[in-house]
Amino acid sequence: MNLLLQTLLDGLVLGGVFSLAAAGFSLIFGVMNVVNLTHGIIVLIGAYLAWSAQHFLGLDPLLAIPGIMILLFFAGYAYQRTLIQSAVDRSSLLASLLVTFGVALVLRNLLVLVYGPDFKSITPSYAFTNIKLGALSIDMVRLSALGASLALIALLAFVLYRTDWGRVIRATAQQDFAAGLCGVNVRHVYGLTFGVASAFAGAAGAVIGIVLPFAPPDEGHWTMKAFAVVVLGGVGSPAGALLGGLLLGLINTFTAQFIGPAFPNAMMFLVLVLMLMIRPNGLLGSAFGGSR
Amino acid sequence: MKRPLAIVLIGAAILLLGVLPFFALPYHVRVGQLFLLSAVLALGWHILGGFAGYWSFGHTAFVGLGAFAAGLLNFHFKLPPMLGFVAGTLLGGLVSAGFAALVAYPVLRLRGIYFAIALLGMSQVLGELAQNVDAFQGALGLTLPDVAPDALRPEVFFYYCFLALAVGSFALAAWIRSSKLGYGLAAIREDEDTARMLGVPTERYKIITLVLSAGLTGLAGAVYAYSLGYFTAGSVFRVDFSLNMILHSLLGGIGTLTGPVIGAALLVFVTNVLLGQLLDLHLLVTGVLVIALVLLAPNGLLGVARRWRERKGR
């Protein structure tokens, strides 16, 4: 029984991080219909920035998050307005898939050149503190990671549903043409969306950095995980990302615990493929034309 | 291009490739071998991705299935090397095609990006299973005997194997394109719902095409496994295989016949010969190349050539 509960708890903690890491990906997919293969590398850039902040400035990774988000917001905005938009204009959406893949390769190479190919990890000052909940144990690092993830997802939901930026982003997602007729500068909104998504991806990277070790070649995994989360939960909404992420975290830990430590990835993709066939909209997704 | 001229040019190209090993250095034969393998894979992908417009991001699954079918056949039944090679290659193609037939109906109901990701997911599942299930020996690796006859150096032997496969794939692609199936696929690519309404049996055509494409890729995978001699799950289930097939087709020109071959030739030459000196920057240069390609030549090199000819003709 204890094993079951502990696995459940670990799964939820991992799932919280997955949710946050996927929220930005889901936003871009939902608003622009662009599958952003750069997503994983942006998450990693966030992790490396948090590592640098701690290493060179002695700043706690969670306190570095606002700075990372501001930096990546502008980078994401510029990236969308230059490369992604021209790819979308010139040819198909599948071509934007290839462009983002190319950018991911370039950035991965740059990360290797700057930081080296080895695994890095961030060790905050509270790394070795544990909290006991009856027979269950959870360390401070995971607890703060889960807390930060949930707080940031709530922040994203607030931005999307309670601010003017969020309103125009949602309007553009519904129908870009009609939004344009109502005076929304659609291209600017696309840039904003990309900026917001990149900011949250970077924040996710900082959180991931304190829980798991990371290296430049991991980026593909984070992109795929984001995709799995979106397919499970549904495109475009923070709630979908949260549900999908928590489910994926549970699938991961339960598979590792009860089937074998080598199988979480296979199980994840199996669920992904089955889900695509049974309900491509995701659990919380609305009917989405692109899937059929 | 005039039809007789095209046939003469293609014949000359095949002849040139046929005599190349007599002049070239062993390293260049290896590069040629890689080019021919890439051309087979790109042609196999392109039957589905280029003609029908169904972009698969997981075709490496079929390379892996072919390789493991051949490897496990050799492991369990000690056939004489040459017989094992031929039987293994055929089995590789069959297993790939059979698996494709099994999954074809459900995955082909998905379209666009969802189809692409479903196949990517499928290839990852198969790769992880090959790696982690002991019966497949993907983590330990499988060893295959040397099958090159004594008269030929191994790299020359496999060069000719891949050349034969490439010519066969090209002929298959040419046949498909000019057949009723090819016109049906083009209709599916342009507008599937309309095609279906006009009486094109879209489901059947898509399934046939996926099975052919997978079978071809499986054959190539089996021969590739033999050319390696020893392989693990990681050396045949490779995301960059899936990606290169797309890039080569895109570089040459989607929907054209010679596009995938031209794209494969150019990209293999650039990455292996020109970039050989820049190992640290390999990913960076490849990435920049991909970006430039999509932004500057979205219809591929043949698209650029066509535009140039039209401008000159005017």
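Fair warning: this is a prediction, and the values are worked out from it, not measured in the lab. Per chain, numbering begins at 1; letters A, B, ... match sequence-line order.
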Student: Would A/F101 and B/V294 satisfy side chain to side chain contact (heavy atoms under 4.5 Å, CB included), going step by step from the backbone distance to the final call?
Tutor: CA-CA 11 Å; A/F101 180 82; B/V294 177; over 6 Å; no

Student: So what's closer than 4.5 Å to chain B heavy atoms on A/M224: side chain, backbone, both or neither?
Tutor: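 When you check distances to chain B, only side chain atoms of A/M224 fall under 4.5 Å.
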
Student: For chain A, which residues from residues 42-51 of chain B have at least one heavy atom closer than 4.5 Å to it?
Tutor: none

Student: From B/Q124 CD over to A/M268 CE, what is the distance, rounded to the nearest 0.5 angstrom?
Tutor: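 Answer rounded to 0.5 Å: 7.5 Å.
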
Student: For A/A266 and B/L129, work out which heavy atoms get closest and say how close.
Tutor: CB-CD2, 4.5 Å

Student: B/V290 vs A/V99, test: side chain to side chain contact (heavy atoms under 4.5 Å, CB included). Steps then yes/no.
Tutor: CA-CA 7 Å; B/V290 173; A/V99 167; over 6 Å; no

Student: Select one option (side chain, backbone, both, neither) describing which atoms of A/L107 are under 4.5 Å from chain B's heavy atoms.
Tutor: neither

Student: Quick one: closest heavy-atom pair of B/L284 and A/V106, and the distance?
Tutor: O-CG2, 3.5 Å

Student: Which members of residues 234-249 of chain B, sorted by number, sit under 4.5 angstrom from chain A on a heavy-atom basis?
Tutor: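 Residues of residues 234-249 of chain B touching chain A at under 4.5 Å: B/L243, B/I246, B/L247.
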
Student: Does atom CZ of A/F263 have more than 12 heavy-atom neighbours, drawn from other residues, nucleotides or ligands, at distances under 6.0 Å?
Tutor: yes

Student: Which residues pass the salt bridge (Lys or Arg N to Asp or Glu O under 4.0 Å) test with B/E192, sequence neighbours left out?
Tutor: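 Applying salt bridge (Lys or Arg N to Asp or Glu O under 4.0 Å) to B/E192 gives B/R111, B/K206.
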
Student: By a 4.5 Å heavy-atom criterion (distance strictly below it), what part of B/L119 contacts chain A: side chain, backbone, both, or neither?
Tutor: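 Neither part, no heavy atoms under 4.5 Å.
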
Student: Checking B/L295 against A/L83 for the side chain to side chain contact (heavy atoms under 4.5 Å, CB included) test, could you report, in this order, the C-alpha distance in whole Å, the side-chain angles of both residues, the deciding distance, and whether it holds?
Tutor: CA-CA 9 Å; B/L295 295 185; A/L83 279 179; 3.7 Å; yes

Student: Show me, pair by pair, the donor-acceptor contacts under 3.5 angstrom made by side chains of residues 97-105 of chain B, not counting sequence neighbours?
Tutor:
none

Student: Does A/F258 CZ have over 12 foreign heavy atoms under 6.0 Å away?
Tutor: yes

Student: With a 4.5 angstrom heavy-atom cut-off, could you sort out which part of B/L281 is near chain A: side chain, backbone, both or neither?
Tutor: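 The answer is both parts of B/L281.
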
